[in-house]
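Some notes on the structure that comes next.
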Protein chains: 2
Amino acid sequence: MNELQARTRGSVHVIGAGLLGASVGLGLRERGVDVTLEDLSPTTVALAADYGAGRVRTADDPAPALVVVATPPDVTADVVERALAEFPGSVVTDVASVKLAPFLELASRGIDLTNYVGSHPMAGRERGGAIMARADLFTARPWVVCRDHETPAEALALVEAVALDLGAVLIEMTPEEHDRSVGLVSHLPQVVSSLLAARLVPATEQAIGLAGAGLRDTTRIASSDPELWVQILGANREPVVELLDALAVDIAAFAEALRDPTRSGAKRRIADLLSAGNRGVERIPGKHGSSERFTTLTVLVDDRPGQIARLLTELGELGINMEDLRLEHSPGAQIGFAEIAVLPEVAERAIEGLAERGWRTL
Amino acid sequence: MNELQARTRGSVHVIGAGLLGASVGLGLRERGVDVTLEDLSPTTVALAADYGAGRVRTADDPAPALVVVATPPDVTADVVERALAEFPGSVVTDVASVKLAPFLELASRGIDLTNYVGSHPMAGRERGGAIMARADLFTARPWVVCRDHETPAEALALVEAVALDLGAVLIEMTPEEHDRSVGLVSHLPQVVSSLLAARLVPATEQAIGLAGAGLRDTTRIASSDPELWVQILGANREPVVELLDALAVDIAAFAEALRDPTRSGAKRRIADLLSAGNRGVERIPGKHGSSERFTTLTVLVDDRPGQIARLLTELGELGINMEDLRLEHSPGAQIGFAEIAVLPEVAERAIEGLAERGWRTL
């Protein structure tokens with residue numbers, strides 16, 4: 001018996017057999033844990049079982065050590081309440097992308113939350129459903145586990161052991177901290193991107209024809225599912241409204257400074273806001289967004305199969321490690337660009353080596 | 001004598017020997033045109049000449065067929081005026097990223113603008129200077145040429161011939177259309193990205209630690225040069241202010257609907273704004289942002305040299321054409337993700353083929 005099997009006493013129950021629930025099931029079963037499944041839809045639970053995410057729970061099954069609630073956010077509180085009542089000796093966690101609203105809802109009902117530990121694996125995908133589930137969905141992704149001073153150490157340890165065993169990077173926060181954090185780094189960018197993209201609807205073809213990489217990047221997430229986001233934003237109303245209000249103040253200040261450039265300090269105000277943007281983007285961890293630390297080479301590539309692979313193979317042969325890569329195509333052109341980020345100290349060697357091999361670097 | 005040499009009567013004069021001016025010089029010289037250079041800075045013009053972008057103009061040189069003004073936007077009108085006076089028989093164009101302000105400034109001075117054709121090659125780079133100049137900087141990039149009903153056909157033809165010979169994709173617009181268009185597809189996203197990134201400055205480390213690809217994409221261009229953007233935005237004040245005001249109205253409406261979810265139609269209002277974002281992003285041409293048309297495969301890759309090249313080589317061997325590629329690394333993880341966009345009809349074959357070769361596809 002491995003450690004996870006021992007901790008879970010061999011059994012975890014998953015309620016909601018969509019993408020996240022089925023992925024938890026697949027991951028735990030791969031690690032030898034018996035997973036039982038339940039879902040409002042008999043088709044969904046049968047499908048998830050067929051995919052190997054677990055087996056349908058029966059009345060004879062013993063109580064699980066852990067219940068994972070993986071339902072849509074708007075029913076999370078109801079399902080957690082029912083799970084706590086049905087399995088009084090089990091730890092119950094959920095995977096909803098907001099954490100305070102379900103917690104407050106449960107607390108307002110006077111429910112004993114000793115056995116409840118909210119969590120949020122940040123591993124969403126564009127398309128949902130058990131059919132998209134994977135045992136390694138959580139690999140290397142942040143998994144927030146919510147705790148306060150009342151959370152029992154054993155309950156916390158169980159949820160964290162599952163998250164770690166599924167390959168996630170563990171982060172502890174209170175529900176308030178979690179919701180404010182995702183409000184800033186996920187929900188605000190979503191709203192801003194959607195509203196920016198919405199301004200393209202009435203634009204002329206001619207204007208859209210001038211779109212470059214900047215517009216594509218800023219509006220990419222505007223293609224997200226509106227129905228899901230209505231739920232998420234509705235459940236994290238206060239932090240998001242506060243952030244939107246603050247952004248609106250900044251936009252008004254920016255527009256005001258731009259409107260009347262003769263006013264003293266107007267140019268300075270604009271430059272200050274743009275500089276604050278520089279400082280903000282530098283704070284984002286990871287290889288992307290860290291343009292300050294890397295030199296970007298723009299390489300011309302023909303728009304046909306195998307060109308990018310050949311380019312990267314040859315970079316590898318030159319001993320150049322690529323820190324980041326972006327592709328860009330101009331509409332109507334037979335030529336694209338690969339933007340490759342490398343450490344500044346190898347940039348010159350990369351440019352020379354690529355030139356020798358016939359690549360055109362801009 | 002080739003056609004471009006004949007059209008330019010063998011000679012083009014470039015004023016301003018920075019990135020764009022020196023790149024025009026390099027490109028034209030490669031095509032056999034004699035290029036003369038001038039710049040306020042003797043060092044800059046000597047450097048550009050050393051790089052092969054042309055030769056320093058002397059008093060004995062005959063008048064050029066074309067003068068290209070490639071100075072910073074805030075002095076464009078002055079330099080164009082001087083060029084028109086100094087070379088009364090030459091066509092004068094400029095490459096500034098705003099087109100109406102210099103045109104109106106020149107018109108208000110009562111200058112005959114028959115020989116002036118404004119243009120805008122959309123080929124900026126993050127770093128400027130002659131040292132970054134390349135003959136193929138304009139390859140496959142949009143190059144807007146501004147015309148109205150008074151623009152003489154011959155002057156227009158000369159500027160367009162140069163743009164096409166430098167490899168650009170030609171787009172004709174009036175100065176008003178150009179400025180409104182770049183306001184929407186370039187200036188507004190810049191301001192929004194900067195102000196969004198600025199909100200990260202006071203954020204906790206914990207919150208920033210949850211940043212994902214959405215935040216990275218929406219804030220990437222926030223690392224742009226504030227000094228340059230103060231000039232650009234200041235020269236395109238009216239369209240940008242109008243767009244910022246409209247966006248502020250949308251943000252206020254969104255926040256209002258979110259603030260009071262009990263009000264009739266509040267959820268519907270939020271869903272409508274998010275759906276408008278879906279429709280807006282679908283209008284953007286090119287391979288990026290077209291997630292609707294492609295299926296995205298997420299492939300796990302170890303964070304070491306050569307992995308991406310191997311992945312792409314094997315995709316090529318499978319006969320799969322990659323439509324787009326993005327890389328993503330989670331902070332602190334030794335594993336990254338390659339998101340590969342493919343045509344929906346080959347997605348299953350790609351997943352199976354990659355699995356057979358040992359790749360893990362999420």
Side-chain angles (χ1 to χ4, degrees), chain A residues 134 140 181 184-185 189 193-195 197-198 200-201 207-208 210-211 214-223 226 230 237 241 244 248 250-251 255 258-259 270-271 274-277 279-281 283-289 291 305-306 309 312-313 316 321 325 327 329-331 333 335 362, chain B residues 134 140 181 184-185 189 193-195 197-198 200-201 207-208 210-211 214-223 226 230 237 241 244 248 250-251 255 258-259 270-271 274-277 279-281 283-289 291 305-306 309 312-313 316 321 325 327 329-331 333 335 362:
Chain A
R134 294 290 185 277
S181 298
L184 178 66
V185 304
S193 182
S194 292
L195 295 181
L200 301 176
V201 174
I208 303 264
L210 298 187
L215 183 69
R216 292 194 187 98
D217 284 344
T218 46
T219 59
R220 188 180 64 85
I221 54 172
S223 58
V230 167
R237 189 173 299 134
V241 166
L244 286 173
D250 287 351
I251 290 178
L258 206 53
R259 203 184 312 267
I270 294 174
L274 295 171
S275 300
R279 293 197 307 281
V281 81
R283 292 200 61 197
I284 303 176
K287 295 191 172 184
H288 293 260
S291 55
L312 301 190
T313 302
N321 195 9
L325 170 68
L327 298 185
H329 294 260
S330 289
I335 279 179
L362 300 193
Chain B
R134 293 293 184 276
S181 298
L184 179 66
V185 304
S193 182
S194 292
L195 295 181
L200 301 175
V201 174
I208 303 265
L210 299 185
L215 184 68
R216 291 193 189 99
D217 285 344
T218 46
T219 59
R220 189 180 63 85
I221 53 171
S223 59
V230 167
R237 189 172 300 134
V241 166
L244 287 173
D250 287 350
I251 290 179
L258 206 53
R259 202 184 314 266
I270 293 173
L274 295 171
S275 300
R279 292 199 305 282
V281 82
R283 292 199 62 198
I284 303 176
K287 295 191 172 184
H288 293 260
S291 56
L312 300 190
T313 302
N321 195 9
L325 169 68
L327 299 183
H329 294 259
S330 290
I335 279 178
L362 301 192

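Naming convention: chains lettered A, B, ... in sequence-line order (proteins, then strands); numbering from 1 in each chain.
- For chain B, the option among A/Val185, A/Leu312, A/Leu244 with the highest count of heavy-atom pairs below 4.5 Å is A/Val185.
- Looking only at heavy-atom pairs under 4.5 Å with chain B, the residue among A/Val230, A/Leu258, A/Val241, A/Val201 that has the most is A/Leu258.
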Worksheet item: Is there a side-chain contact (heavy atoms from CB on, under 4.5 Å) between B/Leu200 and A/Val281 once you walk through the steps?
Response: CA-CA 7 Å; B/Leu200 301 175; A/Val281 81; 5.8 Å; no
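- To the nearest 0.5 Å, atom CD1 of residue B/Ile284 and atom OG of residue A/Ser223 are 9.5 Å apart.
- Looking only at heavy-atom pairs under 4.5 Å with chain A, the residue among B/Ser275, B/Ser193, B/Ala222, B/Ala248 that has the most is B/Ala222.
- Closest non-hydrogen pair, A/Arg237 versus B/Arg259, comes out as CD-O, 3.9 Å.
- Of the atoms belonging to B/Ile221, it is side-chain heavy atoms, and not backbone ones, that fall under 4.5 Å from chain A.
- Counting heavy-atom pairs closer than 4.5 Å to chain B, the top residue among A/Ala198, A/Ser181, A/Ala255 is A/Ala198.
- Taking chain B as the reference chain and counting heavy-atom pairs below 4.5 Å, the highest number among A/Thr219, A/Ile208, A/Ile251, A/Ile270 is found for A/Ile208.
- The salt bridge (Lys or Arg N to Asp or Glu O under 4.0 Å) test applied to B/Arg279 returns no partner, not counting sequence neighbours.
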